[in-house]
Amino acid sequence: MRILVDGDACPNKTEIAALAKKYHIPMLVYIDYAHELVNDDYEVIQCAIGHDSVDLVMIKDVQVGDITITQDYGLASLLLAKGATVIHPKGMIIDEHNIDSFLMSRFIAAKQRKAHQRLKGPSARTKEDCDRFLDVLEKTVIKTSDF
């Protein structure tokens, strides 16, 4: 088991790294070359700059049993298909029971944007979102491992 993080849009990397260290789990953070990230607590995987380049490398690298963190529902659906657990940065587990509704929401929003309709963006992450995320991540690590 490893923790794979879609690093371009994931907050709390420091807290995730502390949890990974606590449970002796390797952590990999995927970013593109347009971003710079150096940290001794986790491995940084730099990917080409381009549409979905980070996603494609994560999909190639993911293994059954890995815990992945992303807010990209398209990427989440592909990670699920490869046997990974997916957690949204707001603390939701994305699984086979809810991925279709997330993908449908994404599709509808894309159609609305194409029709030049103004959409409200996601709400800002709160301290409660952060706490829920870290709690869900730790419970997932414990449930998925032999601790």
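Counting from 1, the numbers follow the sequence of the chain as shown. Just so it is clear, the model here is predicted, and its values are computed rather than measured. Just so it is clear, the values below take in all heavy atoms, side chains as well, and ignore hydrogens, waters and symmetry mates.
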Checklist entry - Going by heavy atoms in the side chains, are C47 and I31 under 4.5 Å from each other? => result no

Item to check | Within-4.5 Å side-chain heavy-atom neighbours: M27 and R2 | outcome: no

Checklist entry - Roughly how far, to the nearest 0.5 Å, is the CG atom of D131 from the CG atom of N12? => result 9.0 Å

Item to check | Expected output: side-chain D72 to main-chain L75 donor-acceptor under 3.5 Å | outcome: yes

Item to check | Considering all heavy atoms, the nearest T144-G65 contact | outcome: CG2-O, 4.1 Å

Checklist entry - Checking side-chain contact (heavy atoms from CB on, under 4.5 Å) for the pair L19/L134: CA distance, chi angles, key distance, verdict? => result CA-CA 8 Å; L19 192 116; L134 295 171; 5.9 Å; no

Checklist entry - Would you say D129's side chain and T126's backbone share a donor-acceptor pair under 3.5 angstrom? => result yes

Item to check | Same apolar cluster (I L V M F W Y, side chains within < 4.5 Å links), I3/Y23 | outcome: yes

Item to check | Any donor-acceptor N/O pair, R132 side chain to M92 backbone, under 3.5 Å | outcome: no

Item to check | Donor-acceptor pair, side chain of D66 and main chain of T68, under 3.5 angstrom | outcome: no

Checklist entry - Any chain of hydrophobic side-chain contacts (each under 4.5 Å) joining M58 to L56? => result no

Checklist entry - Do L78 and I93 belong together in a cluster built from hydrophobic side chains that touch within less than 4.5 Å? => result no

Checklist entry - Taking I87 as the fixed residue, which of V5, T140, I16 is the one that meets the side chain to side chain contact (heavy atoms under 4.5 Å, CB included) rule? => result T140

Next on the checklist: Nearest 0.5 angstrom please: K90 NZ to E128 CD, how far?
Outcome noted: 11.5 Å

Next on the checklist: Looking at every non-hydrogen atom in both residues, tell me the closest pair between V62 and A84 and how far apart they are.
Outcome noted: CG2-CB, 3.6 Å

Checklist entry - What's the shortest heavy-atom distance between K60 and K82, and which atoms? => result O-NZ, 4.1 Å

Checklist entry - Shortest non-hydrogen contact from G91 to V136? => result O-CG2, 3.3 Å

Item to check | From Y73 atom OH to I94 atom CD1, the distance as rounded to the nearest 0.5 Å | outcome: 5.5 Å

Item to check | Atom of M1, atom of P26 and distance for their closest heavy-atom approach | outcome: O-CD, 3.6 Å

Checklist entry - Tell me, do P89 and P11 make a side-chain contact under 4.5 Å, heavy atoms counted? => result yes

Next on the checklist: If I compare all heavy atoms of D32 with all of S53, which pair ends up nearest, and what's the gap?
Outcome noted: CB-OG, 4.3 Å

Checklist entry - Is there a path of hydrophobic side-chain contacts, each under 4.5 Å between heavy atoms of I, L, V, M, F, W or Y residues, that connects L80 with F107? => result no

Checklist entry - Hey, are the side chains of I45 and E43 touching, using non-hydrogen atoms and a 4.5 Å cut-off? => result yes

Checklist entry - So, do L4 and I67 sit near enough that their side-chain heavy atoms are less than 4.5 Å apart? => result no

Next on the checklist: For a 4.5 angstrom cut-off between non-hydrogen side-chain atoms, does T70 reach L79?
Outcome noted: yes

Checklist entry - Does E15 reach the side chain of F133, with side-chain heavy atoms less than 4.5 Å apart? => result no

Next on the checklist: Does D61 form a side-chain hydrogen bond (donor to acceptor under 3.5 Å, both in side chains) with Y30? I'd like the steps, not just the answer.
Outcome noted: CA-CA 10 Å; D61 288 353; Y30 294 78; 3.0 Å; yes

Next on the checklist: Go through it in stages, so that I can follow the logic: the residues are D95 and V86, the test is side-chain contact (heavy atoms from CB on, under 4.5 Å), and I'd like the CA-CA distance, side-chain angles, deciding distance and then a yes or no.
Outcome noted: CA-CA 7 Å; D95 60 19; V86 181; over 6 Å; no

Checklist entry - Quick one: does D6's side chain get under 4.5 Å of I69's, heavy atoms only? => result no

Next on the checklist: Quick check against the 3.5 Å criterion: does S101 have a side-chain atom that pairs as donor or acceptor with the backbone of N98?
Outcome noted: yes

